[in-house]
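A short worksheet on the structure shown next.
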Amino acid sequence: MTQDTPPPLAQAIQDQPADVVDPATSEVKMRARDVSIYYGTKKAIDAVSVDVFTEYVTAFIGPSGCGKSTFLRALNRMNDTIPSARVEGTIELDGEDIYASGMDVVQLRARVGMVFQKPNPFPKSIYENIAYGPRIHGLAEGKDELDAIVEKSLRRAGLWEEVKDRLQDSGTALSGGQQQRLCIARAIAVDPEVILMDEPCSALDPIATAKIEELIGDLRGRYAIVIVTHSMQQAARVSQRTAFFHLGHLVEYGHTEDIFTNPREQRTQDYITGRYG
Amino acid sequence: MTQDTPPPLAQAIQDQPADVVDPATSEVKMRARDVSIYYGTKKAIDAVSVDVFTEYVTAFIGPSGCGKSTFLRALNRMNDTIPSARVEGTIELDGEDIYASGMDVVQLRARVGMVFQKPNPFPKSIYENIAYGPRIHGLAEGKDELDAIVEKSLRRAGLWEEVKDRLQDSGTALSGGQQQRLCIARAIAVDPEVILMDEPCSALDPIATAKIEELIGDLRGRYAIVIVTHSMQQAARVSQRTAFFHLGHLVEYGHTEDIFTNPREQRTQDYITGRYG
Amino acid sequence: SGSPGSTGGDSRDAIRAVGSSTVYPFARRVSEVFTSEYPDFASPVIESTGTGGGISLFCSGIGPSTPDIAHASRRMKDSEFADCQANGVTDIAEIQVGMDGIAIASAKGGITMDLTPEQLYRALAANPYGEAQTTNTWNDVDPSLPNLPILVYGPPTTSGTRDAFEELIMLAGCESNAAFAATEEADEDAYETTCTELRSDGKYVDQGEQDNLIVQKIEGNENAIGVFGYSYLEENADRLQGLHINGVEPTYDNIASFAYPGARPLYIYVKKEHIGIIPGLQEFLSTWVASWGEDGVLAQIGLVTNRGDVMAAQTSAVTDLPSLTAQDLQ
Amino acid sequence: MSPVIPLLLALGLGLAGWLVARARAWTFKRAAPHGRIAALPQYHAWYAALWIAVPLLLFFLLWDYVSGQLIMAHVLASPEAAALPQSGLRRDTILNEAFSIASGTSNRVLNEESVALAEPFRQAVSRYQLIGIAIGLVIAGAAAAWAFLRLKPDFAARTKVERLVLAALLLASLVAILTTLGIFVTLVFETVRFFGMISPIDFLFGTHWNPDPMGNAANPDPSRYGAIPLFWGTLFIGAIIAMIVAIPLGMMSAIYLTQYARPATRKWIKPALEVLAGVPTVVYGYFAALTVAPAIRDMALAIGVSNPSSESALAAGLVMGVMIIPFVSSMADDSIAAVPQAMRDGSLAMGATANETIRRVLVPAALPGIVGGVMLAVSRAIGETMIVVMAASTAATLSANPLDSMTTVTVQIVALLTGEGSFDHPATLAAFALGFVLFLVTLALNFIALRVVKRFREAYE
Amino acid sequence: MSDLVHPTRTPAFEARMKKRYAAERRFKAMGLSAVVFSIAVLLFLLVTMTLNGVGGFQRAVMSVPIDFPAMGLSAPAETEDQGAAIRALQGQGLQEVVQFSADEALGEAGAAQINPEAWRQVGEAIVNDPTILQRQATFALPASEKLASALRGDGQTELQPLAQDLAERGLLERRFDTGFLTRADATDPQMVGIWGALKGSILTMIVTLLLAFPIGVLAALYLEEYAPKNRWTDVIEVSINNLAAVPSIIFGLLGLAVFLTLFPSMRSAPLIGGMTLALMTMPVIVISGRNAIKAVPPSIRDGALAVGASPVQVVFHHVLPLALPGILTGTIIGMARALGETAPLLLIGMRAFVATPPDGFTDNATVLPMQIFLWSDEIDRGFVERTSAAIIVLLIFLLLMNGVAIYLRNRFEKKW
Ligand SMILES: Nc1ncnc2c1ncn2[C@@H]1O[C@H](COP(=O)(O)OP(=O)(O)OP(=O)(O)O)[C@@H](O)[C@H]1O
Ligand SMILES: Nc1ncnc2c1ncn2[C@@H]1O[C@H](COP(=O)(O)OP(=O)(O)OP(=O)(O)O)[C@@H](O)[C@H]1O
Ligand SMILES: [Mg+2]
Ligand SMILES: [Mg+2]
Ligand SMILES: O=P([O-])([O-])[O-]
């Protein structure tokens, strides 16, 4: 091995802009305590406690099937759609238990947006894709306001320039990377506080991936972002906090830098050096 | 980064037994020249030339969708089953063009066996799974000979001890790793010359993966083996030749050691250091 | 919200007539004439259910949900009349619309025989004279008959034609054996059964209510004979031939004169309570009268018309509508 | 009262409520911080509209009945009604007629008395119509008041409206249960009556079928109600002859279409087969009776069978088999398609030919699905009615000769029930008992088949 | 290694290959013949029906010139409706006029074979245009069925020379019978039409569609999107699956025992027929609806839920619109099945003879397949052609419906 090939993960972290590597203390946006999640009788997540901070990107990594997606979906109660799924423990958003009986799930999901692994634009026009959320939540009065929201969201998602002339085209006619950005724009349009992303780049090519990663960097200051990824490199590149899951357990959680350069646990070490996975 | 975390890929290569790292010159088993493959009008592989050597394991790596599987399936004309697929250029097996009109596909596939990403045992008994190939090709006369073939194949695949007492159980009742070894045994049973494996471990857990990798090491001396993997670590661990694909192009092809420690191309360098993928 | 609540009964516009398949083609024809002559009235609904089924529907009560007219190819039975009375159908008018004969026929060019009721009885009874049925060919019945398998297509038990066949042919054939007739005293029911029960081993084939089908069946099989109303024979004179009974051919005249053993009258029964309630019922009856004459439309399709005095009586009956009484049926 | 007025009233008031409520919700929204209220204005609007329209419609439904009684009472109290006959059909008819004259639906006068009565009817109708509308307005007002009092910025109108939508959906799915229950109760009820007259033993195991609808209902002869010949005929035609035709042809068609045919061919042939499945059974029946049966008879004559039946089991069975081909082929097609591509690839990669792959891997793997499909096909064949009504016989013979005439359960149901209306005769009730047996058998077949197919699908999911 | 002879490269292997390829060819040929056979049967059926049925759209007519001025008929009063007007003409001896003119033109033997109802056609012509009485007009009057069959070459032999003679003189010919599509059932094949049955079918189908479609779609939505997994929904699910497979005649038993007990005076009414068929069609719609709904990828639901749509919004904004083509396809197929259905209607009295088309949902009616069934039982040869013609009409409707369904399916088949 020659000297000019640096250890990849450390390199990726060093590539992050200096000011974000150790950000000033930031407030806790979501707090999960002793969360266990079952599918029927099968425990997919076992007593996990994690904090999600505003202005940070938190990455969940771990081998396939370890429960990253399951945990992520618990954060905006998308698990409710799986009949067999059951959540124990508490998850709070701004100190409010999201599994409390009084919680309005619809409103929760508007506050905690989500972007999925496979881009899933609605088979409607680009405009309608973005306008849908504001419309059902009544966020805009009149067409002008709606237009403004659509433009702002697309701009933030870095898609405006590419699509501004064809807002009436179907969202499904875009390329994969564009679709994923459209989905991010759609999530932004309802002004969420947290954005959850489940392997948002795994269906994308490297160039589109780079664009999304850049976008995540841009969005970071505004929202609390949680990203699931199976690429350690990606976690290292975009996140400031990393949680490493294994077989439903949270093995280690901390500053991304520490996790990748100085893991406390042997399992973490084995995983990031590629002994398995 | 502490000193006791070695650069992972180099480490993996160093873990290979010394005698195989630079094998003696070996004959070319399959030779692909300027192969382009289209799905309809879409070009999935662009002018790729690769040699596959007997006694070597050749690894195809590259980001998702770059055409690894497509190219691999061209090597035993499994692409024929996809109506839209079309192959240009020449691929030779022992100097004979496998796309020549006189080529007998059935025989070709008997000579170039294949193992798939997801283990796909037939829903029959373990015995019947192995016996299937010899039976249709008429390779065994009488039950005894067939029994012998079944045993030999299972032994070579390192599965005999685990299943010898339940040969009549269904092949689908085995664990994932066992199923994959069963599929390898099934491929071996017709005495192929080349074995193609498309991400044979991606559906397996780390322990099963380790077993398969070990098995590949054992089989190496006997067959020309081509393995597609998306894990660079795995490629480094098991192969002696590596081909790196990107967007349908063969970016770099050479000794595994060189590729991982001293790549010629920037794209290869970027990929193995985790800048994308 | 179409009708005021408490009248309970809903109304019906169209005349509803059910019953005999023998009368069916005539009734249908009359209905057709009625429809074109009185376009203001709804077109009558004519269903062929067999005489028995028709009368039982007819007798199930009065009101718009029950039929107005029952067609019968035999006279109403006492039991049926009693049933009617019990269900409040007390005012019934009986009109004899014409005559029909039980025709026994084969396809043109098919089997020909001159049969007697006795031969038919022995060939078709389930247990002729109380003994097991053993005949397979006509020849088994009587050496003078051809050596051909017995195969008779005929109407089912609901049918008036069947009833008439049992009454006019089978019973007659049965009674011709004096020795057996003597057993009637002992057990009337058993006697009746033995005399009228038809065999069910596939030699006599029940053809459902569709007399047409019987015609089709015997047309397709030259060894088969069929039992049905004369009108069907007449209608299909080009492809069927009537078999003689006691040497008499089933013809218009022979039936009208009762020379042919299988002759019988056809009736329709009308609910008098429904006149003035079901629009057009009276006019429909008048249409019957207009159609049943010797040069009327019904004669053209094979109705054997009533003879002079009967005709006159029936024509006045349609206007007078005398109520049927139990005595009339004796 | 004409149904148009209440309908218009309910819709109109509902619309008014909708508009007003929406306007009101907008004022909340404008006043609310960040313009956020618990539900969109339009949900408030729907909430109010439904609260107004639904009770109003329900009231009018009730009023239709009540006012009918009141109108009648009014008319009967009128002096003109004195001339009415005391009771009976004529009285009803005159009233009906007067009513239709009054409401203008008909001018035909069969009974003169009705003309005089039309006027009191007219009066009563308009009076009660006015009263109905007045009460309706009060109800609508009350409902509107209730609804509007609840409209608040934090009122979860959407949840309420959606709950109603869900209730409507639930009701719709209950129709299925009601139907099943209806079928079951109908059949069980009549069957129990039948078994009160004829013992189930005689019915299920007797070998002589010749019910006598005109016989004495009180004292039927149980020996005439042995249904074995019907069951046999049904099985022989539907499960044996038809399947001998349909299974091989259907299977081979499916195999050819899925494994061999080029996509272009497949694109044309599949719809053609579907057309074969879409031909009405009455057409098949006609075809069987008119074309196939005579041909078979002629053929039988030609090979020296004496006196062959012109309604042979063979004719009905063959045509039924043709009808079932597309059914079997689409089930087989589905089952084979459900076998994962990996199986096929696995076999082909071993160097198997297409035919070896199909026979040794695909078909065995798809077998549970195919067997399930065949069971469904059998259940369909034995329930098929028109083909056998038109092409099979009514004669209940117990024979294994396909050239003999046979009858089936469905033929007998039709034969026993068409026209004959007396519901208390065992011969009529026998039709229900037969229907019940048919229902149970097809139910069992389907139940098992669906299970088998489902388990098979799950195995590959 | 390479010097070892691989068992797949021996001459014995090559020899076996020959056999294997032969088996392959045989197998493929078997498959092909199965397909060809099925298609051939379909074609044979269609061709037979068409050949038989083409004649069914025609009837034998005789040209009869009537010299009205010479007959001294007076026009009926304008105020009278058609029935009364024709009765008035009948009173003036229209029947005799027609008979006389026919005698003149066709000779007595020929005139005797004028259809007995033919004079009504003349009457209608007069009512429609009283000025016709001022001139001579030639009518194409339907012949009797006997003559019609003689013209076809079957039927009573004694009439055949007459038919031939009249035909040669151009007085008797077979013409396209527009009335076939506008008249209702009759006893004489020369006079029948299918409009009555067709209208009955249309009325019945409207009832079926109005009931089965909304209930089916709503039930499908409930089961696929909202139903909790519990015993109750299992019961619903099982009953729907079984209903789809219950033999149609059982629905007839249900209609007979339930609907006709509740509404005894509605025997033979399209309303009851439609209700019965709706129960039969509903499960078909539910099942195809569920499949269409299931085919909408969950990722779209997830996407909508994740921006805060409520489950009802998800369904009505996204799922239903996307599933609609599939639901419609299933509905059309279900309706096509209902349109061709006969057996259950047999049991609820829709097999009666009705000489006029129904006027509404509660009128007595029959339906097209039932008309086919009834005519198929008629003995007159004339009905064979008429039956086949009715079958053609029915098949055209069904092919159209199937065609639309297939088109919809192909057009909207989505690869998500
Ligand atoms: N709907 C479900 N029902 C039952 N088990 C499930 C379901 N979804 C996931 N699981 C199981 O829960 C465990 C965790 O799954 P999860 O999808 O959260 O893993 P993951 O870490 O996201 O994996 P990947 O990287 O493959 O996406 C796995 O064992 C999986 O099989
Ligand atoms: N059957 C097909 N029809 C059309 N395009 C296809 C087909 N199969 C693959 N492709 C396309 O060809 C390209 C190469 O696909 P291929 O499966 O060979 O990639 P890969 O390198 O194996 O990726 P992965 O790591 O995801 O398996 C991709 O863009 C893919 O979308
Ligand atoms: Mg995941
Ligand atoms: Mg691949
Ligand atoms: O239908 P029948 O005339 O035979 O009763």
Side-chain angles (χ1 to χ4, degrees), chain B residues 69 72-73 75-84 104-125 128-139 170-173 179-180 182-192 194-198 203, chain D residues 254-270 332-373 451-461:
Chain B
S69 303
L72 188 76
R73 292 167 66 97
L75 296 182
N76 71 342
R77 294 188 55 180
M78 278 302 283
N79 274 344
D80 288 10
T81 61
I82 302 166
S84 69
D104 184 338
V105 188
V106 166
Q107 200 171 0
L108 169 69
R109 295 200 187 127
R111 290 170 62 191
V112 183
M114 189 156 193
V115 175
F116 298 84
Q117 179 165 12
K118 252 194 81 205
N120 60 349
F122 302 132
K124 305 176 180 234
S125 70
E128 285 302 324
N129 262 284
I130 310 291
Y132 179 73
R135 243 196 256 267
I136 57 172
H137 293 306
L139 301 188
S170 169
T172 52
Q179 287 187 11
Q180 197 59 297
L182 182 65
C183 293
I184 294 175
R186 185 174 71 182
I188 295 173
V190 292
D191 236 329
V194 183
I195 300 180
L196 312 175
M197 301 187 177
D198 191 353
Chain D
I255 287 172
Y256 183 80
L257 288 179
T258 53
Q259 307 296 322
Y260 289 110
R262 272 171 301 139
T265 322
R266 188 178 152 85
K267 205 174 140 206
W268 285 105
I269 303 289
K270 270 202 83 152
D333 191 333
D334 287 354
S335 304
I336 292 175
V339 178
Q341 180 71 15
M343 292 293 135
R344 188 164 165 249
D345 283 357
S347 173
L348 289 176
M350 302 289 305
T353 62
N355 129 52
E356 288 156 355
T357 303
I358 293 162
R359 285 187 311 155
R360 292 169 178 251
V361 177
L362 295 187
V363 170
L367 204 59
I370 293 172
V371 169
R451 287 263 140 140
V452 171
V453 173
K454 197 166 164 194
R455 199 158 333 127
F456 157 71
R457 291 274 144 77
E458 276 164 2
Y460 287 122
E461 244 147 35

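Lettering of chains follows the sequences in order, A, B, ..., and the numbering in each one begins at 1. All figures in this text were calculated on a predicted structure; none of them were measured in a lab.
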Between [X] and chain D, with a heavy-atom cut-off of 4.5 Å, which part of the residue counts as in contact: side chain, backbone, both or neither?
| X | answer |
| --- | --- |
| B:F116 | side chain |
| B:R111 | neither |
| B:P119 | neither |
| B:R135 | side chain |
| B:V112 | backbone |

D:E356 CD to B:I136 CD1 distance, which is reported to the nearest 0.5 Å: 5.0 Å

Main-chain N/O of B:L108 paired to B:N76 side chain as donor or acceptor, under 3.5 Å: no

B:N120 side chain to D:A342 backbone, donor-acceptor under 3.5 Å: yes

Side-chain donor-acceptor contact under 3.5 Å, B:S125 with B:E128: no

Contact summary for D:R266 and D:A261, nearest pair of heavy atoms: N-CB, 4.4 Å

